[in-house]
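Computed from a prediction, not measured in an experiment: that's the story for all the values here.
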Amino acid sequence: MYAIIETGGKQYTVKAGDVVYVEKLEGEADSQITFDKVLAVGEEGSLTFGAPYVEGASVTGKLLKTGKGKKISILTYRPKKDSQRKMGHRQLYTKVEILNVAAN
């Protein structure tokens with residue numbers, strides 16, 4: 001059984017046993033989290049869509065760790081003006097192991 005969940009403004013297709021990297025979530029390592037915003041849930045032959053979310057469906061996961069992604073370098077410049085600026089960014093993430101996908 002798999003599900004499509006929404007967290008951090010993004011959508012992820014998950015099933016039991018998957019490890020996904022999502023936007024930073026609050027919580028300690030080795031704690032459990034429940035995703036209630038389930039957009040679709042189903043198996044190979046049948047799929048149930050929500051409007052916008054599926055009633056009674058939830059996905060349970062375990063927070064493994066929180067960290068920062070690789071650095072992204074950004075260079076902005078203005079042509080012919082001798083002006084440039086170099087910036088960097090590291091996005092925060094949470095590593096989550098999916099334990100259970102439950103439908104109603």
| message | I'd like to check the salt bridge (Lys or Arg N to Asp or Glu O under 4.0 Å) partners of Lys10; sequence neighbours left out, ordered by chain and number. | response | Glu23
| said: Can you list everything that forms a side chain to side chain donor-acceptor pair (under 3.5 Å) with Lys71? Sequence neighbours excluded, please. | reply: none
| query | With sequence neighbours excluded, what pairs up with Tyr77 under the side chain to side chain donor-acceptor pair (under 3.5 Å) test? | reply | none
| request: For residues Lys24 and Thr94, report the shortest heavy-atom separation together with the two atoms involved. | output: CA-OG1, 3.3 Å
| said: What's the separation between atom CD in Glu28 and atom OG1 in Thr66, rounded to the nearest 0.5 Å? | reply: 8.5 Å
| field | From NZ (Lys70) to NE2 (His89), nearest 0.5 Å | value | 15.5 Å
| remark: With sequence neighbours left out, the residues meeting ring-ring contact (aromatic ring centres under 6.0 Å, His included) with Tyr2 are none
| task | Can you sort out the partners of Phe49 under ring-ring contact (aromatic ring centres under 6.0 Å, His included), two or more places apart, ordered by chain and number? | result | none
| Taking only residues at least two apart or on different chains, which pairs with a member in residues 90-104 satisfy salt bridge (Lys or Arg N to Asp or Glu O under 4.0 Å)? | none
| note | For residues 37-62, the side-chain hydrogen bond (donor to acceptor under 3.5 Å, both in side chains) pairs (sequence neighbours left out) are Glu6-Tyr53
| message | Suppose we screen for side-chain contact (heavy atoms from CB on, under 4.5 Å). Which residues come up paired with Thr76, at least two apart in sequence or across chains? | response | Ile74, Arg85, Met87
| message | Checking Ile4 now: which residues fulfil side-chain contact (heavy atoms from CB on, under 4.5 Å) with it, not counting sequence neighbours? | response | Gln11, Thr13, Leu39, Ala40
| remark: Joining Ile, Leu, Val, Met, Phe, Trp and Tyr whenever any side-chain heavy atoms lie under 4.5 Å apart, the cluster holding Ile33 also takes in Met1, Ile5, Tyr12, Val14, Val20, Val22, Leu25, Phe35, Val38, Val41, Val54, Val59, Leu63, Val96, Ile98, Val101
| field | For Tyr21, the rest of its hydrophobic cluster, which grows through side-chain links under 4.5 angstrom | value | Tyr93
